[in-house]
Amino acid sequence: MEENIKKIKEDLMSDIESVKVLQDLVELKAKYIGKTGRITELTKNMKDLSVEERKSVGMISNTLKQEATSLIENKEKEIENAILNEKLSGEIIDITLPATSIPVGSPNILEKVIEEVEEVFMSMGYDVVDGPEVEEDKYNFELLNIPKGHAARDAQDTFYIEGDEILLRSQTSPVQVRTMLKYQGSEPIRMICPGKTYRRDDDDATHSHQFMQIEGLLVDKDISLCDLKGTFDTIAKKLFGADCVTRFRPSYYQFTEPSVETDISCFACHGKGCSLCKNTGWITISGAGMVHPNVLRNCGYDPEVWSGFAFGFGAERCAMLKYGINDIRTFYNTDLREVSSFDRRDGDNQ
């Protein structure tokens, strides 16, 4: 037994020294400690031995097996390290080279503008309300003081789906109408309603048949144009900078009386006059006014008790001014510039 164990040890050391690749090491492992390995065979005839002999042989074979396992594992690590070092020496990397440029996206510009407006109005207690894009004529026009055949409809020529009753909304004002009808003069309203609108502008290359509109409505008691002016000042300064100056100009809308055009001082020339503001020093942003008494009455609010203001502007126009985009088609023509980071002017407007 002793001679046999000595021989196994000598052969094992010799074989390990000659191993150069992992595959040979796998075969060596099977040769010595596998199911039919030389060390395993030491216990093959254990049943023929006495109790004392079994104990002795068992201890010797287990010790030998542990030694063999340790030697094989060490050799395996040695070979793996050699392979790794050889690979590293052949793959030199210059860590001073510039990194590979990874394109970084950004939020959709229109969604970014809308969310910014929503945050401002929610901080002032307004609700953000949504409504259907496929609308009934009475909500889109009639209840807004624009009866059938009225000339004011020409400016909002939209897409009709079923006769002259079902259409794609030309404004988000129907959401305001539905909200007022919901409360029927029972409580004040503070809301904005951003969303898609549709108009037939196929003869005008500067417009789009679809655009995002942001409209707002406030109905309460003792509301005046002063409240509208203060609200407009707040949103204009948030979007275009703290030094932005605002003004009202008389206008006409069928659903407001009086009606105004809302302008801001040109942020490019600061009122001196340039190509952006057409040398006027002012840029028109939206239309607004005091809610017409007929609209209040149509929606269940007594104009002798309640008053309010409404406004509306295009998200695309704000985005074009804010981020220097000169073509509205950029938003809808899968131009990759539209998904790049548009933070050029944000730093100046905080």
Side-chain angles (χ1 to χ4, degrees), residues 108-115 117-118 127-182 191-217 251-257 259 261-262 284-289 291-292 294-295 298-299 310-321 325-335 338-339:
N108 178 274
I109 306 172
L110 297 181
E111 290 297 328
K112 185 176 181 180
V113 170
I114 291 173
E115 288 176 1
V117 174
E118 288 177 347
D127 296 323
V128 179
V129 185
D130 194 12
E133 295 178 25
V134 179
E135 190 54 274
E136 295 182 44
D137 181 88
K138 68 175 182 179
Y139 294 115
N140 196 79
F141 290 123
E142 294 181 26
L143 294 176
L144 288 166
N145 203 35
I146 310 177
K148 284 183 170 60
H150 197 283
R153 292 197 178 205
D154 294 342
Q156 294 191 31
D157 191 13
T158 185
F159 300 92
Y160 285 84
I161 297 175
E162 293 182 9
D164 59 355
E165 295 300 327
I166 305 299
L167 48 80
L168 296 180
R169 66 184 183 188
S170 61
Q171 53 195 348
T172 55
S173 300
V175 184
Q176 301 177 11
V177 171
R178 289 176 177 274
T179 302
M180 285 190 285
L181 288 172
K182 175 182 177 182
M191 60 166 288
I192 61 170
C193 42
K196 293 180 182 178
T197 56
Y198 306 85
R199 297 184 187 179
R200 291 187 59 185
D201 286 312
D202 52 350
D203 59 342
D204 188 344
T206 64
H207 291 72
S208 171
H209 67 280
Q210 174 201 297
F211 59 97
M212 299 291 290
Q213 192 175 49
I214 306 173
E215 290 196 26
L217 171 71
S251 186
Y252 168 79
Y253 299 106
Q254 188 69 11
F255 32 79
T256 54
E257 180 62 37
S259 303
E261 297 285 346
T262 56
T284 301
I285 293 298
S286 69
V291 180
H292 198 289
N294 288 346
V295 175
N298 290 341
C299 298
F311 58 87
F313 54 91
E316 287 89 347
R317 177 162 177 76
C318 286
M320 292 171 73
L321 292 171
I325 302 171
N326 56 17
D327 191 336
I328 193 173
R329 292 170 296 185
T330 301
F331 300 110
Y332 302 106
N333 284 358
T334 64
D335 190 326
E338 196 269 337
V339 296

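From a predicted model like this one, the values you see are computed outputs, not experimental measurements.
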- Answer yes or no: is there a side-chain heavy-atom contact under 4.5 Å between F255 and V291? no
- Task: Mind listing the closest non-hydrogen atom pair of R169 and K196 along with its distance?
- Result: NE-O, 2.8 Å
- How many angstroms lie between atom OG of S170 and atom CZ of R199, to the nearest 0.5 angstrom? 5.5 Å
- Under the side-chain hydrogen bond (donor to acceptor under 3.5 Å, both in side chains) test, which residues partner E142, sequence neighbours left out? K148
- Query: By ring-ring contact (aromatic ring centres under 6.0 Å, His included), which residues pair with F313, not counting sequence neighbours?
  - Reply: none
- Are a donor atom and an acceptor atom from the side chains of T262 and S286 found within less than 3.5 Å of each other? yes
- Message: Please give me the minimum heavy-atom distance between V177 and L143, naming the atom from each residue.
- Response: CG1-CD1, 3.6 Å
- Message: Go through it in stages, so that I can follow the logic: the residues are M180 and V295, the test is side-chain contact (heavy atoms from CB on, under 4.5 Å), and I'd like the CA-CA distance, side-chain angles, deciding distance and then a yes or no.
- Response: CA-CA 10 Å; M180 285 190 285; V295 175; 4.0 Å; yes
- Item | Min side-chain heavy-atom separation V129-I192 under 4.5 Å | no
- Task: Establish, from distance only, whether the side-chain atoms of Y198 and E133 form a donor-acceptor pair under 3.5 Å.
- Result: yes
- Task: With the side chain counted from C-beta on, respond yes when L168 and I161 share a heavy-atom pair under 4.5 Å apart, and no when they do not.
- Result: yes
- Task: With the side chain counted from C-beta on, respond yes when H209 and F159 share a heavy-atom pair under 4.5 Å apart, and no when they do not.
- Result: yes
- Query: What heavy-atom pair brings T256 and A288 nearest, and what distance separates the two atoms?
  - Reply: OG1-O, 4.0 Å
- Query: Which heavy atom of P194 sits nearest a heavy atom of T172, and at what distance?
  - Reply: C-CG2, 4.4 Å
- Item | Heavy-atom pair of closest approach, residues E215 and S173 | OE1-OG, 2.5 Å
- Note on the structure: Closest heavy-atom pair, A315 versus I214, reported as atoms and distance to 0.1 Å, is CB-CD1, 4.2 Å
- Item | L167 side, atom CG; F141 side, atom CZ - distance, nearest 0.5 Å | 6.0 Å
- Dump the intermediate steps for side chain to side chain donor-acceptor pair (under 3.5 Å) on Q176 and Y139, then the final yes or no. CA-CA 9 Å; Q176 301 177 11; Y139 294 115; over 6 Å; no
- Query: Can you check whether G195's main-chain N or O pairs, donor with acceptor, with D130's side chain at less than 3.5 Å?
  - Reply: no
- Carboxylate-amine/guanidinium contact R178 E135, below 4.0 Å: yes
- Query: Judged by modelled atom types alone, do Q171 and T197 share a side-chain donor-acceptor pair under 3.5 Å?
  - Reply: no
- Nearest 0.5 Å, what's the CG-NZ distance between L181 and K138? 8.0 Å
- Give, for atom OH of Y253 and atom CG of N145, the distance between the pair rounded to the nearest 0.5 Å. 15.5 Å
- Side chains of M191 and V128: does their closest heavy-atom pair fall under 4.5 Å? no
- Query: Which value, rounded to the nearest 0.5 Å, describes the distance between I166 atom CD1 and N140 atom CG?
  - Reply: 11.0 Å
- Message: Within this structure, what is the CD-SG distance for the pair Q213 and C193, rounded to the nearest 0.5 Å?
- Response: 8.0 Å
- Message: Going by the rule salt bridge (charged side-chain N to carboxylate O under 4.0 Å, His left out), which residues pair with R317 if we only count those two or more places apart in sequence or in a different chain?
- Response: none
